[in-house]
Amino acid sequence: MEKKPFHPRPPRPAAATGPRRPATPNPRDKDPHVTNERITAREVRLVGDNVETGIYSIQEALRLAQEQELDLVEISPTAEPPVCKILDYQKFLYQQKKRQKEQKAKSVKVVVKEIRFGPQTDDHDYNFKLKHAVGFLKEGAKVKAYVFFKGRSILFKEQGEVLLLRFANDLEEFGKVDQMPILEGKRMTIMLSPKKK
């Protein structure tokens with residue numbers, strides 16, 4: 001049998017590994033609003049203190065903004081025609097950020113710190129946990145203290161309640177009781193929240 005001559009296949013061209021072209025940045029990514037020459041509408045409705053409210057051609061609106069050395073900012077792009085305002089755009093963005101920061105500060109998440117006791121907690125351990133609770137309440141966190149009953153220790157539930165009431169009493173200066181001791185399964189819990197200064 002005659003052998004066929006071996007012809008190696010030419011190597012495949014390697015995939016282009018040069019630097020990839022960066023994606024064209026979308027101007028809207030950086031700025032939440034369309035401003036000045038980037039506004040594509042032919043007509044806009046101008047509103048604000050420094051202008052007579054009405055519908056203007058885009059050229060006229062831009063001219064008015066330039067005269068006042070301010071920016072033309074599209075504030076309601078979906079309206080027909082889009083609503084624009086003449087203002088200092090950087091100042092406007094700064095005030096918006098400031099407002100968002102203030103709102104965020106107001107809607108602070110409530111932190112709940114847990115403190116666990118046994119029904120037979122000794123004084124040293126109790127005082128140590130009390131000190132922690134004072135710290136948590138001073139920081140503005142809520143404190144959820146509970147007595148955990150293991151096995152037959154559930155027989156000491158009155159002792160657990162006394163312990164939690166003593167705990168609430170010792171923290172009277174720093175926190176107020178949101179919920180009196182309640183037994184849920186093997187846990188008896190009390191909730192305290194910091195006193196407003």
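Position 1 is the first residue of the sequence, and the numbers go up from there.
Cluster annotation: L171 and L165 are assigned to the same hydrophobic cluster (Ile/Leu/Val/Met/Phe/Trp/Tyr, side-chain heavy-atom contacts under 4.5 Å, transitive). Grouping the Ile, Leu, Val, Met, Phe, Trp and Tyr side chains by contacts below 4.5 angstrom, directly or via other members, places V147 with M180. Criterion: ILVMFWY side-chain heavy atoms under 4.5 Å apart, direct or through other members. Under it, L93 and I75 are part of a common hydrophobic cluster.
Closest heavy-atom contact between E43 and P81: O-CB, 3.4 Å. Of all heavy-atom pairs spanning A61 and I86, the tightest one is O-CD1, 4.1 Å. Closest heavy-atom contact between P194 and A141: CD-O, 3.4 Å.
Put simply, CG on L164 and CG on L183 are 10.5 Å apart, with the number rounded to the nearest 0.5 Å. Interatomic distance, CD1 of I115 versus CD1 of I190, reported as 12.0 Å (0.5 Å rounding). Here K98 contributes atom NZ and E102 contributes atom CD; the two are 6.0 Å apart, rounded to the nearest 0.5 Å. From F117, atom CZ reaches atom OH of Y146 across 10.5 Å, with rounding to the nearest 0.5 Å. Once rounded to the nearest 0.5 Å, the distance linking CD of E161 with CG of L163 reads 11.0 Å. One finds the OG atom of S193 at 3.5 Å from the NZ atom of K176 (value rounded to the nearest 0.5 Å).
Side-chain atoms of Y126 come within 3.5 Å of backbone N or O of F167 as a donor-acceptor pair. Side chain of N36 to main chain of L72: a donor-acceptor pair is present (N/O by atom type, distance under 3.5 Å, no hydrogens or angles). Between the side chain of K138 and the main chain of F174, no donor-acceptor pair closer than 3.5 Å is present.
For the pair R166 and D123, the salt-bridge criterion is met [side-chain N within less than 4.0 Å of a carboxylate O]. The pair R63-E60 counts as a salt bridge, with a side-chain nitrogen and a carboxylate oxygen less than 4.0 angstrom apart.
More than 12 heavy atoms of other residues, nucleotides or ligands shown are found within 6.0 angstrom of CD on E67. The number of heavy atoms from other shown groups lying within 6.0 Å of NZ (K129) is above 12. The environment of CG in D122 is crowded: more than 12 heavy-atom neighbours from other residues, nucleotides or ligands sit within 6.0 Å.
Using a 30° and 60° split on the angle between ring planes, H124 and F128 fall in the parallel class, below 30°.
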**OP:** Determine, stepwise, if the pair F92 / K85 fulfils side chain to side chain contact (heavy atoms under 4.5 Å, CB included).
**Re:** CA-CA 11 Å; F92 171 72; K85 241 181 180 178; over 6 Å; no
**OP:** Under the side chain to side chain contact (heavy atoms under 4.5 Å, CB included) rule, what do V112 and M191 come out as? Steps first, then yes or no, please.
**Re:** CA-CA 9 Å; V112 179; M191 262 310 242; 4.2 Å; yes
**OP:** Go through D88 and L70 one step at a time and tell me if the side chain to side chain contact (heavy atoms under 4.5 Å, CB included) criterion holds.
**Re:** CA-CA 5 Å; D88 181 338; L70 294 169; 3.8 Å; yes
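The closest side-chain heavy-atom distance from I39 to P82 is not below 4.5 Å. You'll find the side chain of Q179 reaches within 4.5 Å of the side chain of T189, heavy atoms only. In this structure, the side chains of K101 and K97 stay at 4.5 Å or more apart for every pair of heavy atoms.
When the side-chain hydrogen bond (donor to acceptor under 3.5 Å, both in side chains) test is applied to N50, the partners found at least two apart in sequence or on another chain are Q68.
Considering K142, K144, K195 as possible partners of D178, the one that fulfils the salt bridge (charged side-chain N to carboxylate O under 4.0 Å, His left out) test is K142.
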